Every structure is written in C-alpha cells, then in structure tokens.
Amino acid sequence: MFIVHALKNRVKIRSQFMYILRPHLCVINSACPICDFSTHNYKNRVVFFEGNPKNSMDLNSSLSSNTIPVVSTLTKPNEDAKSSPTSSSSEVHKPICYWPGVYHSPVTDALWNERVSINERLFDIPDDAPPPTELLTRTPSESRTTIVYAFSSDSTLREQYKDPWNEFRIGKLLEDLDALACTVTFKHCSDDDITTRPLMLVTASVDRIVLKKPISVDRDLKISGSIIWVGRSSIEIQMEVITEGEGPDDSDSVALTANFIFVARDYKTSKAAQVNRLTPETEQEKFLYDGAEARDKARRMKRGEDKKQSDKSEVNRLEALLSEGRIFCDMPALADRDSILLRDTRLENALICHPQQRNLHGRIFGGFLMHRAFELAFSTAYAFAGIVPSFLEVDHVDFYKPVDVGDFLRFKSCVLYTEHDNPDQPLIYIEVVAHVTRPEIRSSVVSNTFYFTFTVRPEAKATKNGFRLRNVVPATEEEARSVLERMDAEALQRSQSI
C-alpha cells in the first residue's frame, strides 16, 4: 500500500529559487525518512483504483495494493504544510517543465503521475528509438480505472469542486473525465518493450456526456472508465460517474455517462499508429463493443454524406429558418417579440495558453479546453434565459487541431436554437467554437467545436411567473446551416438511444 505526498523542494532556476511540488511514495503505517511521517491515514484523500471497481463506496474496505490516495492541492485553514527541503544532491524525477502546475485538479495530478509510473520513457525518448512493433491483445479489465472522491471526509476537496449551488462543478468534472480517459487509453496502448518509443495519445472527440441527475458534493462519488471499442488507431472509452446512496439502504446510482474517442499517433512522425487489440470478455462488454462499432460506422457514413450536395428538402428547410430572420433585418418593428436573432445571443472571451495548462505531451490539455468552453456556454445560457441554467448534456466535441503553449485562443459562443416541447424542461442548445489566432501572420483557424444542452433550474423558474424562453432565428445562410446540422445530429442521437 502506498500513499502520495506533495512536498516542497527548493530548486534553482535561472538564478532564482522557487518551490515545486514533488510527489514521492512511502509505505503506509511505517516511518518515512523524507516526509517524517510515522503513521498515515486515509482521511482527506481522493483515491483511485486499477482493475474492476468494488461495489461498495466504503473507502477503508476499498483500498488495495494498487490504490493511490491523492492529497488535496490546497492547504487547509490554520494547517501548516509539512515540508522537507532536499539536499543539493537530490534530483527531481521528472523534468520540471512537465510537472503539473497549481492549475490542475488533484485528480488530474494523480492520474498523470500514474501514467509516468507506468511508462517513464515518456520523458527520455531516444531519437533512434523504434516504434512499437508487436500488437498485444488486452481485455477491458486490464486498463479499467476508478477514481473515488472522498467528499464526505474532506472539506478542502469539497471546496475545490463545488459550485455556488453546492453541486459538482461540471467544468472541473470535464477535466477529470478527459484525464481519466487518457490514463485508461495509456494503459491499454502501453507495451512491455522498454526499447520502443511510446505512442502519443490525443483526444479526437467526445461522443456524448449525459447528466442523469444532479451531482452533490456532500456525498462520496466515483468515476469508472474502461475501453469499450478499438479500431486501427482509434479507441473509445466509456465512463460512468456513480454517486453514493443517500441512506444506508439506498444503492449507488449512475449520475453521468460519457464516451470519449482517442486516437494514437507516432511520437516522432505524428502519423496514425496502430493500437493494441481488444477482446471483450463479459456479455456486457460484448454489448458495449457492438454498440461502439455501430457508432463508428455511422460516423463514417455521416462524413460521406456531408460531402454530397444539398437536396431540395434541405433548401426548403433553410428557407423556412431564414424567413423570420429576414423580417428582423428588413422590418425589425414587425418582428416577433418572442424571438431573437442568433447573432444577438453571442458571447466571446479570449486567453493566452500558458505552460501550466499543458499535458504530458507539451500541448494544451484537452480537459482545460472543455472546462473553458463549458464556462462560456453556461454564461451564454444564463444571459439568454435570464435565470440560472442547469446543465444536461455535452452533445458533441470535436478536436480538429492541437493547441500549443503560447497560442492566442478565442472562444465564441451562441444559442443555436431552443425547444419548448416539454414546458417543465425547455431546452437551450449552445455552440462554442475555439479559434487559434496568430495576429503576426493574420491567421485564425478553428481548433475545437463544442455543443452543450442546458435547461433552467425549476426553483429559479418558479420565481418568474409566466417565464418562457425566446425562439432563436438565424439571419444568414451560414447560421441556418449550423442550426440544421445540430438539429439533425440531435435527432440521430435520439433515434439511436431508443
């Protein structure tokens, strides 16, 4: 049984002294010469497991020899952090440039350290190292990983993850889901040959993330992730967020499901690389494998259909969408007062990507991009509805191009359309587009697209009598095509879930 401690080490960089966090391993319930702890306990930790997760949420009974407790990254009030300066002869195990910064969540930090412990070649790759030559066959259980958040016993961890409504911050959850998906993929793709260079694994897309019930930070929860399908160079990972039952007789329930798709690239050439094969064992694993393979075929067919020209029915749908928008533009005094132009729902923010936000490959962490996109989407829905929105789904995320440290990144959001089929749960569909902008060469390219679905909180809606969401109408053909594409994608997802 091992425990991770975050110690401060004094290092000299460019004639200045600074402190960095240095995790190390020591055996629980025994003396540690580095941290000077004679005993350890599991309180104030988040932990995660490898292999099949246990059904019980009891942390003490769940800890095993491959459990890694994670220390909260914030120091508790009135609590002195224990530190131990290292001698001048000590060395940092990883390059300083790859230490996760204070930005990263405790879960992301732990998962990244786990990947380093699996494959230390990532930080010292010889130029002449050959690519992997032998493909292995693995089962889903070999790479399955579970994270446990001990919210009930760790008030500091609760503060790091709760939102103003005492629920789990969805933006930070997206970060942790991306980090977990990458760790599961990393385990599946690793080989036993230490002489070959490892694969570079990147997030290609997020198929769907569905919130089934609100996630409170008052009770412990866990996230379990496993490989459900493997192609030639692509991998699909399914994750479930499981919340603890409210009472002793209540069983745990799934609060959120997510499907991520990763692709493997050769570390040197950046070309697509083959990944280890997958052999599902149980009936449930075989069922998930078949479903993922069907989705992959549907995506390939969709790409082929997108290349075809628009037929007459689509032209008619475009005209119907644009008719009200033309009235807004040409006769604004006569426009429908229950509608609003799409362009008037837009919000935007911009940022410079800093080194603290990069992943182990030196590129900007995909979870960070999703976090920032979600925050903007939430703000857009809030400003549009006039009352606090409630998150329902991440409909789809595409990662077109990598984002590098130093990039000037612009996020642009808008409300694509709304639905009022269920008056108790009206829907708001948000699009967020990320642009990598390079002013010095007058370049701006789309790096990511994100699609979110929100509704409004019932308690907030009850305070506004006669509340109704406005309809959103496009004013240009480009806007109308974006709306139609999202409507068709949403209809396809619904038909597949039936």
Side-chain angles (χ1 to χ4, degrees), residues 97-98 100 104 108 111-112 114-116 118-119 121-123 125 129 131-132 135 143 145 174-191 196-209 225-239 258-276 278 292 295-296 299-300 303 353 355-373 394 396-407 409 432-436 445-450:
C97 62
Y98 284 111
H104 296 299
T108 300
L111 289 170
W112 286 8
E114 170 70 1
R115 278 178 245 166
V116 173
I118 296 172
N119 194 341
R121 293 173 291 164
L122 190 63
F123 303 105
I125 305 173
L135 295 180
S143 56
T145 304
L174 296 178
E175 285 185 37
D176 292 352
L177 287 171
D178 186 68
L180 176 58
C182 191
T183 299
V184 173
T185 306
F186 193 90
K187 291 180 179 180
H188 177 83
C189 294
S190 61
D191 59 12
T196 60
R197 58 177 180 260
L199 298 176
M200 180 168 60
L201 303 169
V202 296
T203 313
S205 66
V206 178
D207 194 47
R208 203 176 191 189
I209 300 176
S226 61
I227 306 288
I228 62 171
W229 177 82
V230 168
R232 184 182 183 277
S233 61
S234 56
I235 302 165
E236 183 167 348
I237 309 96
Q238 185 177 81
M239 287 166 288
N259 288 69
F260 280 64
I261 298 173
F262 274 67
V263 294
R265 296 282 183 263
D266 185 275
Y267 215 99
K268 189 173 183 179
T269 65
S270 295
K271 295 181 179 179
Q274 287 186 274
V275 297
N276 291 331
L278 182 72
R295 287 192 295 273
D296 181 68
R299 284 190 294 267
R300 294 177 184 274
R303 286 195 291 266
C353 298
Q356 292 80 8
Q357 296 146 2
R358 63 185 159 189
N359 58 23
L360 294 179
H361 302 301
R363 295 275 173 72
I364 297 303
F365 175 38
F368 167 79
L369 300 176
M370 287 194 289
H371 186 172
R372 295 304 298 262
V394 177
H396 192 76
V397 178
D398 282 311
F399 292 80
Y400 298 116
K401 295 183 179 296
V403 181
D404 294 316
V405 172
D407 279 348
L409 195 61
V432 180
V433 182
H435 298 256
V436 173
V445 296
V446 175
S447 61
N448 308 84
T449 55
F450 310 83

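All values derive from a computational prediction rather than experimental measurement.
Residues His188 and Val230 meet the side-chain proximity criterion, which asks for heavy atoms closer than 4.5 Å. You'll find the side chain of Ile364 reaches within 4.5 Å of the side chain of Gln357, heavy atoms only. Using a 4.5 Å heavy-atom cutoff, the side chains of Leu180 and Met239 are in contact. At least one side-chain heavy atom of Trp229 sits under 4.5 Å from a side-chain heavy atom of Asp296. Contact of the Val206 side chain with the Asp178 side chain is not registered, since no non-hydrogen atoms from C-beta on lie closer than 4.5 Å. Taking 4.5 Å as the limit, some side-chain heavy atom of Leu409 sits within range of a side-chain heavy atom of Ser447.
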Ile209 vs Phe260, side-chain contact (heavy atoms from CB on, under 4.5 Å): CA-CA, chis, key distance, verdict: CA-CA 9 Å; Ile209 300 176; Phe260 280 64; 4.1 Å; yes
Thr449 and Val397: CA distance, side-chain angles, deciding distance, side-chain contact (heavy atoms from CB on, under 4.5 Å) verdict: CA-CA 6 Å; Thr449 55; Val397 178; over 6 Å; no
Test log, rule side-chain contact (heavy atoms from CB on, under 4.5 Å), inputs Thr203 and Leu369: CA-CA 11 Å; Thr203 313; Leu369 300 176; over 6 Å; no
Criterion side-chain contact (heavy atoms from CB on, under 4.5 Å) on Gln274 and Leu135, from CA distance to verdict: CA-CA 8 Å; Gln274 287 186 274; Leu135 295 180; 3.8 Å; yes
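Summarising the geometry, atom CG belonging to Asp407 is positioned 9.5 Å from atom CZ belonging to Arg363; distances are rounded to the nearest 0.5 Å. A distance of 11.0 Å separates CD1 in Ile261 from OG1 in Thr185, rounded to the nearest 0.5 Å. In this structure, the separation between CD1 on Ile228 and CD1 on Ile237 is 8.5 Å, given to the nearest 0.5 Å. Note that CD1 of Ile235 is 9.5 Å distant from SG of Cys182, once rounded to the nearest 0.5 Å. For the atom pair CZ (Arg208) and CD (Gln238), the distance works out to 12.5 Å, reported to the nearest 0.5 Å. Once rounded to the nearest 0.5 Å, the distance linking CZ of Phe262 with OG of Ser234 reads 12.5 Å.
In terms of heavy atoms, Cys353 sits closest to Asp404 at CB-O, 3.7 Å. Taking every heavy atom of both residues into account, Val263 and Ala204 meet most closely at CG1-CB, 3.7 Å. When every heavy atom of Ala273 is checked against every heavy atom of Leu199, the shortest pair comes out as CB-CD2, 3.6 Å. Nearest heavy atom pair, residue Ala272 against residue Ser233, reads CB-OG, 3.9 Å. Closest approach of Cys189 to Leu201, counting heavy atoms only: SG-CD2, 3.9 Å. Residue Glu236 comes nearest to Ala292 through the heavy atom pair OE1-CB, 3.4 Å, listed as atom of the first residue, atom of the second, then distance.
The backbone N or O of Ser143 lies less than 3.5 Å from a partner atom in the side chain of Thr145, making a donor-acceptor pair.
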